[in-house]
Amino acid sequence: MQLGRNEPCWCGSGRKYKACHLGFDERIEGFRAQGHKVPSHEIIKTKEQIEGIRESGKRNIAILDYVADHIKAGISTQEIDDWVVAKTKEFGGIAATLGYEGFPRSCCTSLNDQVCHGIPSEEDILQDGDIINVDCTTIYNGYYADSSRMFMIGDVDDKARKLVEDVKKSVQIGLDEVKPWRFLGDMGSAINEFCRSQGYTVVREIGGHGCGLDFHEEPWVSYVSKPGKEMLMVPGMCFTIEPMVNMGAQEIYEDADNGWTIYTEDGSLSAQWEVHLVVTEDGYEILSY
Ligand code: MF3
Ligand code: CO
Ligand code: CO
């Protein structure tokens with residue numbers, strides 16, 4: 001339904017539509033008319049909502065900081081989950097993953113050739129030379145923050161270390177392309193191009209997502225996209241950049257026993273970093289990482 005010029009703006013500012021987001025909406029409609037995918041109002045966050053997600057992000061960051069300070073060879077991935085449970089509680093939050101579509105733990109711990117959705121377990125003991133992604137999603141005061149980091153355990157060989165560092169670099173290369181009135185494909189293709197230039201492959205089937213009022217919102221965020229394609233980025237959109245990058249082939253498979261964990265088909269190492277951001281007037285702000 002078309003909002004009248006003198007009605008209160010949809011963004012909750014209390015101002016009249018014509019003095020607030022009317023010009024913004026017209027600009028979006030211009031892109032839609034040219035055939036682009038454009039964001040709906042539901043995924044454009046208000047100032048208050050962004051503040052809520054920012055607060056959740058602070059807790060999400062602190063939980064991952066705690067993991068960073070304590071992770072070491074000899075512990076089980078279940079212990080990481082125990083820390084996440086304890087710290088999330090201490091910070092007044094809720095872990096979004098626990099019970100999410102039946103997921104049994106409060107974070108994901110993806111080791112070596114596990115691409116994502118590794119399930120913390122007493123049986124998986126960190127060994128010298130392992131690389132592991134710890135992915136945490138925190139709900140605080142109803143707002144979601146989702147980020148993940150890689151950790152290198154003890155003495156990691158040069159190729160694995162380079163993979164971990166390059167994937168982090170690729171996320172920054174993607175962030176550099178996040179600007180309002182540009183496209184998600186500008187960001188995704190920059191990540192893919194860099195990763196391929198280093199001899200890696202980027203997983204196609206699993207991507208990032210809008211996030212903030214819910215765990216997984218529109219849009220779907222691919223890293224094997226084309227410049228000028230995919231959804232238009234506008235100020236107030238919150239989403240994750242979380243490329244999964246394989247040392248070998250891009251093919252993956254799902255663990256048939258647990259129905260969750262994704263592995264590289266060829267057994268090669270895989271790394272992932274996840275940043276949660278909001279698009280601003282001149283670029284982006286990191287909400288959790
Ligand atoms: N945190 C993951 C993401 O970045 C999703 C994990 S879903 C789970 O989107 F159920 F596996 F926990
Ligand atoms: Co995540
Ligand atoms: Co995510």
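One-based numbering, in listed order, for ligands and for the atoms of each. Please read these numbers as outputs of a predicted model, since none were measured by experiment. Numbers here simply count residues along the sequence, with the first being 1.
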Taking only heavy atoms of [X] into account, list the atoms of ligand 1 that are under 4.0 Å away from them.
{"X": "E242", "answer": "3 (C), 4 (O), 9 (O)"}
{"X": "T137", "answer": "1 (N)"}
{"X": "W260", "answer": "8 (C), 10 (F), 11 (F)"}

Are any of the heavy atoms in [X] under 4.0 Å away from ligand 1?
{"X": "E101", "answer": "no"}
{"X": "R105", "answer": "no"}
{"X": "T240", "answer": "no"}

Heavy-atom nearest neighbour in the protein, as seen from [atom], with distance rounded to 0.1 Å:
{"atom": "atom 3 (C) of ligand 1", "answer": "D146 OD2, 3.4 Å"}
{"atom": "atom 12 (F) of ligand 1", "answer": "T97 CG2, 2.8 Å"}
{"atom": "atom 7 (S) of ligand 1", "answer": "Y100 CD2, 3.8 Å"}
{"atom": "atom 5 (C) of ligand 1", "answer": "F215 CZ, 3.7 Å"}
{"atom": "atom 2 (C) of ligand 1", "answer": "D135 OD2, 3.4 Å"}

Determine whether the aromatic ring centres of residues F239 and W220 are separated by less than 6.0 angstrom. no

For H209 together with Y144, are the ring centres under 6.0 Å from each other? no

Should the heavy atoms of other residues, nucleotides or ligands under 6.0 Å from CG of D69 be counted, would the total exceed 12? yes

If you count the non-hydrogen atoms of other residues, nucleotides and ligands that lie under 6.0 Å from NZ in K229, is the total more than 12? no

Decide, counting backbone as well as side-chain atoms, whether D146 has an N, O or S atom less than 2.8 Å from the Co ion (ligand 3). yes

Check whether any N, O or S atom of H209, backbone or side chain, sits closer than 2.8 Å to the Co ion (ligand 3). yes

Tell me which part of C108 gets within contact of ligand 1: side chain, backbone, both or neither, using heavy atoms under 4.0 Å. side chain

With carbon and hydrogen excluded and only N/O/S kept, which atom of D135 is nearest the Co ion (ligand 2)? OD1

Which atom of E274 is nearest the Co ion (ligand 2), counting N, O or S only? It is OE1

Would you say the side-chain atoms of T138 and N60 include a donor-acceptor pair closer than 3.5 Å? yes

Between the side chains of Q272 and E242, does any donor sit under 3.5 Å from an acceptor? yes

Ion pair check, [X] and [Y], cut-off under 4.0 Å:
{"X": "R32", "Y": "D25", "result": "no"}
{"X": "D166", "Y": "K169", "result": "yes"}
{"X": "K37", "Y": "E218", "result": "no"}
{"X": "K87", "Y": "E90", "result": "yes"}

E242 N/O/S atom closer than 2.8 Å to the Co ion (ligand 2): no

Separation of I71 CD1 from T109 OG1 (nearest 0.5 Å): 8.5 Å

